[in-house]
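Both ligands and their constituent atoms are indexed starting at 1 by order of listing.
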Amino acid sequence: MNERVRSLTNKYEEKMLELRRRMHRRPELSNEERETAALVKSVLEEAGVEVRPGVGGNGVVGVLQGDVPGACVALRADMDALPMEEKTGLSWASEVKGVMHACGHDAHTAMLLGAALVLSEMKKELPGTVKFLFQPAEEANPVGGAPAMIQQGALRNPDVDAIFGMHVWPSLVTGTVGTRPGALMGASDRLFLTVRGKGAHGSEPENGVDAIAIAAQLISALQTVVSRNVSPLDAAVVSIGVIKGGDRYNVIADEVVLEGTVRTVDPVTQEKMPGRIEAIVRGVARGMGGDCDMEYVKGYPPLMNDAELAKTAISALKKVVGEDKIVHVEKPALGGEDFSFFTREVPGLFMWLGCRAEGVSKEQTPPLHNNGFLPDEKALSLGVETLVSCALEYLEDRKGA
Ligand SMILES: [Zn+2]
Ligand SMILES: [Zn+2]
């Protein structure tokens, strides 16, 4: 089976890379992925895969039903680019001013198309169904593109039993793939606070309520949510990045506005944060004679990898990259990823595909969301093989289950 996957991947490598460069030249922002979706549709149709366009905006679902009955596994890629000016200097750099594939979603889409091309040639021996989910708007936090696809039935008809996804990961070297069971990526929420006091002359504080003094207490008190309400063995961060208040040196300010971010890993901790934060900010503000309004905007939930699927993926990866090239990720990253919406619906597994060229240091490698970001193209065939092998391994495991 593995030689067959490898030889089919080699067969389609050039086509896959060409598709990737084509998408790289024509990046589209979140919810504007029309050209990309049309390209995806045409490649899937050519490969004989059933296509369902317009699933959750520009989302495209491909369905490949194998000739052998079995379970249904989904593979997901995102398609959107970022509002950035590309500075890679490539001959095939973005032709769209101010828009760039700086998160590698062009590579994700190309790899998933590669996987569809490979698997479509294995239809006769395929024990089940593979669904290919091409998702829009991954970068559109806090809404994202996954929820609309889910609402519009991407995981139904047939029902998806498990889902795999992958992100190019520049801190890992080409040839390696990383993952871990449990949390892989964090939740990213936003916090808006408005402290209300009462204005007065700076020389007569007893006649006012000082919103700046309240804000000062609030900022310190907020840290007790992390230190006193979250287990020391769990991860959480509350950071205030904006504070605005006051008009004049000798006037007691009547209002202060604060904005911040709240990052968590455990979904239970994420649930707990708004309530704890609100109790603290209101309590402190009221205790000092003022008040505080809170707006808490939930972003993407934490991305939780299924432990059983992690075993499936690792068993597949041993054959694809070899035991020594599997990176057992120790700690989750606190960046958000809306694949997490899928993992709330069905067991899911997300992986990081190493894309830092060999011999290049981490310091010399532009990170994600940098206008010089350039994943090593050599990594992409391995990405195709990984996706295909995870799907096959899962379907084989489920045979007769
Ligand atoms: Zn991104
Ligand atoms: Zn991304």
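We find that E385 and R6 are joined by a salt bridge, their nearest charged nitrogen and carboxylate oxygen being less than 4.0 Å apart. Ion pairing between K298 and D189 fails under the 4.0 Å rule for side-chain N and carboxylate O.
Looking at S381 and E13, their side chains do bring a donor and an acceptor atom within 3.5 Å of each other. Looking only at atom types and distance, the side chain of Q135 has a donor-acceptor partner in the side chain of D338 under 3.5 Å away.
Listed by chain and number, the protein atoms of type N/O/S under 2.8 Å from the Zn ion (ligand 2) are C103 SG, H105 NE2, H167 NE2; waters are omitted.
Between H101 and H24, the two ring planes are tilted [angle within 30° to 60°].
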Just list the side-chain donor-acceptor pairs under 3.5 Å for residues 151-166, sequence neighbours left out, or say none.
| unit_1 | atom_1 | unit_2 | atom_2 | d |
| --- | --- | --- | --- | --- |
| Q152 | OE1 | G56 | N | 2.9 |
| D161 | OD2 | C72 | N | 2.8 |

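Summary: NE2 is the N/O/S atom of H369 found nearest to the Zn ion (ligand 1).
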